[in-house]
Colleague: 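My structure is below; once you've seen it, I'll send some questions.
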2 protein chains.
Amino acid sequence: MVKRSETTARLDDAARAGWLYYVAGRTQDEIASSMGISRQSAQRLVSLAVAERLIKVRLDHPIAACLELANAVRNKYGLRQVDIVPSDPGAGAATVGIAEAAAAEIERWLKKTDPIVLAVGTGRTLKATVDQLPAIECINHRIVSLTGNIAPDGSAAYYNVIFSMADAVKARHFPMPLPVLVTSAEERETLHAQQLVRSTLDMSAQADVTFVGIGELGIDGPLCVDGFLEKGEMMELMDNGAVGEICGWIFDSEGKLLDNPINERVASAPIPSRETSVVIGIGKGKRKMKAIKAAVTGHQINGLITDEEVAEYLLT
Amino acid sequence: MVKRSETTARLDDAARAGWLYYVAGRTQDEIASSMGISRQSAQRLVSLAVAERLIKVRLDHPIAACLELANAVRNKYGLRQVDIVPSDPGAGAATVGIAEAAAAEIERWLKKTDPIVLAVGTGRTLKATVDQLPAIECINHRIVSLTGNIAPDGSAAYYNVIFSMADAVKARHFPMPLPVLVTSAEERETLHAQQLVRSTLDMSAQADVTFVGIGELGIDGPLCVDGFLEKGEMMELMDNGAVGEICGWIFDSEGKLLDNPINERVASAPIPSRETSVVIGIGKGKRKMKAIKAAVTGHQINGLITDEEVAEYLLT
DNA sequence: CCCACCATTGAGTAATTGCCCATGAGCAAA
DNA sequence: TTTGCTCATGGGCAATTACTCAATGGTGGG
């Protein structure tokens with residue numbers, strides 16, 4: 001018989017032990033006695049087999065790809081949490097899939113027993129998300145809106161996310177009685193100084209978890225469509241490098257908030273700390289790709305719920 | 001929104017939990033908190049993923065001892081291909097190990113780009129094998145059954161291997177709409193002359209590769225247990241020197257097909273040519289040793305997947 | 001030949017997992 | 001509505017596995 005090197009022989013043993021453990025399903029005790037070694041040595045061989053990647057495990061299920069992508073995205077951008085849902089190739093609404101996933105995530109937070117502060121932004125995606133929420137009683141938690149609920153024309157805003165949410169979730173909720181955009185930085189100061197607004201802003205800063213939509217810019221983007229910005233203003237913003245917005249805060253392709261007149265007029269609360277809390281962005285679709293990439297690059301968010309298509313783009 | 005069934009959603013969760021556990025290496029506690037469920041539920045999901053065969057484990061290492069045995073067996077009996085898996089000393093099911101190995105071999109064939117015809121027999125071993133197959137799309141290939149799918153009592157046969165296989169593998173598949181045993185040689189002629197049967201038989205004769213179980217005889221053997229033969233018939237067969245069967249074709253210890261009334265009533269397709277195609281027998285265990293030795297001796301098969309124990313017996 | 005060094009071992013122990021059981025929610029039939 | 005059934009749930013506990021550490025033994029340099 002050919003003399004084999006010591007390490008090769010050891011790997012053979014590891015392979016045998018790993019086979020007996022994972023494929024044949026024996027316990028390490030049984031393996032030890034059948035191979036004539038101690039239980040601890042059997043354990044070492046099994047872990048060696050794993051460490052040397054002799055044992056290949058694979059998941060035979062459609063969501064396997066999503067989980068792989070989620071892991072890769074989380075590592076690449078240093079995010080706390082990533083959920084990837086399967087892409088629906090057949091077009092469909094821009095919120096199919098992620099709304100359900102985001103609702104499930106919100107539910108997980110609301111089911112905690114310790115009281116939490118949950119902050120929400122606004123937008124179509126978030127509206128679709130809260131529409132997926134089941135009825136829950138959670139009187140210990142507080143829900144606070146980051147953005148104003150008054151539209152440019154003075155009416156209540158289109159996507160009154162926080163009220164829809166309160167319909168389903170019985171929790172104390174705190175809307176932001178402000179417009180989304182005010183006319184000047186000074187006006188914002190004045191409004192934010194009001195006692196009622198002040199306390200809501202303070203609460204939002206203490207949010208344990210935040211769910212926000214990620215908006216793309218462009219004349220078809222939400223800021224224009226919903227009348228917050230004129231087409232001309234939008235073009236100028238984009239010329240200055242703006243690619244996306246969260247709660248109205250406009251950022252460039254690096255994810256840095258732009259230092260421009262529009263951002264000075266945003267009345268929304270600042271996005272809660274990504275150091276001390278979880279801020280989950282929700283969005284999918286080709287049009288939002290650039291905005292999403294910027295948001296995760298610049299750490300405007302530290303959690304993401306999106307689809308396979310966007311995940312793959314983020315990994316290129 | 002697409003309504004998904006409850007069981008589908010549960011399988012999705014099971015897949016996720018299984019992935020986190022086996023691929024990502026998280027503990028069940030971590031999985032539980034990240035999925036918002038109790039540890040016990042997480043444990044249940046993980047075992048569900050295993051029970052539903054979503055998790056596939058394979059050993060990616062040539063164990064030297066098995067390789068040497070395989071080489072020796074291949075040379076001694078002039079086989080084209082031999083796979084030996086480690087023996088599991090602690091009894092265990094009769095298919096542990098070889099089912100995984102055979103599934104991997106089938107997968108290799110199905111991944112070919114050129115269209116192939118793959119023929120399968122039936123039996124417990126083959127059923128366990130196809131249960132290990134992952135989902136594959138291979139619309140270019142054809143899968144044909146060598147044996148009838150009608151049991152003695154007229155019901156569909158116990159191990160509808162080809163249908164289970166078609167569940168996992170999306171390929172055209174051709175069952176054999178016949179009983180396994182008919183009442184006379186004349187009836188067999190008549191049935192085989194039917195157009196539908198004829199074309200399936202022709203296809204099986206063109207198989208590029210064939211996977212068959214190797215059955216032992218005896219009152220505990222499959223032919224008796226499954227009610228194809230009476231105890232008396234079996235005793236008589238064994239008195240005449242029969243030791244094993246493949247697809248119902250009964251052979252003696254030399255591997256020669258017996259010239260007796262039973263073989264005249266076997267409605268299965270002939271075993272495809274060992275000259276021009278690969279015919280792989282699958283089986284292990286003490287009880288099958290004689291049958292396996294006979295099959296390789298008489299060249300009923302030209303490929304073998306078995307375990308160390310049988311391999312050593314074959315070399316004595 | 002001796003000693004320092006390092007890998008390996010087995011004992012002990014902490015962590016993790018698997019399983020049983022009581023409980024209660026959900027649901028169908030009466 | 002009540003009753004009875006099924007099944008998922010989480011607590012508790014035993015089995016199993018992973019890790020730490022001191023002891024052992026083998027090896028190479030001095």
Side-chain angles (χ1 to χ4, degrees), chain A residues 3-57 59 104-105 107-114 133-138 140 168-170, chain B residues 3-57 59 86 88-93 96:
Chain A
K3 174 78 178 265
R4 284 175 299 136
S5 82
E6 206 48 45
T7 50
T8 304
R10 189 167 172 80
L11 279 184
D12 278 358
D13 284 346
R16 180 172 296 263
W19 187 91
L20 288 167
Y21 187 67
Y22 285 105
V23 181
R26 333 259 353 146
T27 70
Q28 295 178 356
D29 258 331
E30 294 170 309
I31 296 168
S33 58
S34 93
M35 292 179 69
I37 54 179
S38 74
R39 187 181 61 75
Q40 291 88 339
S41 299
Q43 194 271 326
R44 284 188 183 97
L45 286 177
V46 171
S47 39
L48 179 65
V50 174
E52 295 290 334
R53 303 188 181 286
L54 302 181
I55 299 290
K56 298 263 173 72
V57 181
L59 176 62
E105 184 61 26
E107 207 182 325
R108 276 195 279 279
W109 281 89
L110 291 178
K111 277 187 175 159
K112 288 178 189 285
T113 48
D114 296 339
L133 284 174
I136 322 179
E137 293 266 338
C138 42
N140 287 328
V169 176
K170 303 300 178 220
Chain B
K3 176 75 176 269
R4 279 180 311 147
S5 79
E6 203 53 41
T7 50
T8 304
R10 191 167 171 78
L11 277 185
D12 280 359
D13 283 347
R16 182 171 296 259
W19 189 88
L20 289 168
Y21 186 69
Y22 286 104
V23 182
R26 325 289 292 278
T27 70
Q28 294 179 356
D29 259 330
E30 292 173 312
I31 296 167
S33 60
S34 94
M35 293 180 69
I37 54 181
S38 72
R39 187 190 64 77
Q40 292 89 333
S41 298
Q43 195 271 328
R44 283 188 185 98
L45 287 177
V46 171
S47 18
L48 179 66
V50 174
E52 293 291 332
R53 303 180 192 286
L54 301 180
I55 298 289
K56 303 259 169 73
V57 182
L59 176 68
D88 180 5
V96 169

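Both backbone and side-chain heavy atoms feed into the values below; hydrogens, waters and symmetry mates do not. Letters A, B, ... mirror the listed sequences (proteins, then strands); counts begin at 1.
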Colleague: What I'd like to find out is whether the side chain of A:L59 reaches to under 4.5 Å of the side chain of B:Y22, using heavy atoms alone.
Modeller: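 They are not in contact (no side-chain heavy atoms under 4.5 Å apart), so the answer is no.
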
Colleague: Quick one: pull up CD1 in A:I37 and CD1 in A:I31 and give me the separation to the nearest 0.5 Å.
Modeller: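 The CD1 atom of A:I37 sits 8.5 Å away from the CD1 atom of A:I31.
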
Colleague: Quick one: pull up CD in A:Q40 and CG in A:L45 and give me the separation to the nearest 0.5 Å.
Modeller: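 A:Q40 atom CD to A:L45 atom CG measures 12.0 Å (nearest 0.5 Å).
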
Colleague: Roughly how far apart are B:R16 CZ and B:S34 OG, rounded to 0.5 Å?
Modeller: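 So the CZ of B:R16 and the OG of B:S34 are separated by 8.5 Å.
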
Colleague: Taking all non-hydrogen atoms of both residues, which atom of A:L133 and which atom of A:E107 are closest, and how far apart?
Modeller: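 Smallest heavy-atom distance, with atoms named: CD2-N, 4.5 Å.
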
Colleague: Over all heavy atoms of both residues, which pair between B:A49 and B:G18 is shortest? Give the atoms and the distance, please.
Modeller: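 Smallest heavy-atom distance, with atoms named: CB-CA, 4.2 Å.
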
Colleague: Could you give the start and end, 5' to 3', of the contact zone on DNA chain D for chain A, using atoms under 4.0 Å from its heavy atoms?
Modeller: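 On DNA chain D, the outermost contacted nucleotides are D:dT17 to D:dT20.
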
Colleague: Can you give the dot-bracket line for DNA chain C, where a pair is Watson-Crick or G-U wobble with both atom distances under 3.5 Å, crossing pairs use [ ], and | marks a partner on another strand?
Modeller: ||||||||||||||||||||||||||||||

Colleague: What string of B, S and - do you get for nucleotides 10-15 of chain C, 5' to 3', when a contact is any protein heavy atom under 4.0 Å?
Modeller: BBB---

Colleague: What's the spacing between A:N140 CG and A:L110 CG if we round to 0.5 Å?
Modeller: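 Between atom CG of A:N140 and atom CG of A:L110 there are 11.0 Å.
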
Colleague: For the atom pair OG (B:S38) and CG (B:D29), what is the distance rounded to the nearest 0.5 Å?
Modeller: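 One gets 10.0 Å once the value is rounded to the nearest 0.5 Å.
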
Colleague: Where is the tightest heavy-atom contact between A:A14 and A:L48, given as atom of each residue plus distance?
Modeller: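 Where A:A14 meets A:L48 most closely, the heavy atoms are CB-CD2, 3.8 Å.
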
Colleague: List in chain and number order the residues that pass salt bridge (Lys or Arg N to Asp or Glu O under 4.0 Å) with B:R26, two or more places apart in sequence or in another chain; answer none if no residue qualifies.
Modeller: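 Listed in chain order: B:E30.
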
Colleague: Expected output is a numbered-order residue list: members of residues 21-36 of chain B with a heavy atom under 4.0 Å from any atom of DNA chain D. What is it?
Modeller: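 None, since no heavy atom is under 4.0 Å.
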
Colleague: How would you list, by chain and number, every residue that makes a side-chain hydrogen bond (donor to acceptor under 3.5 Å, both in side chains) with A:R39, sequence neighbours excluded?
Modeller: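 In terms of side-chain hydrogen bond (donor to acceptor under 3.5 Å, both in side chains), with neighbours along the sequence ignored, A:R39 is linked to no residue.
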
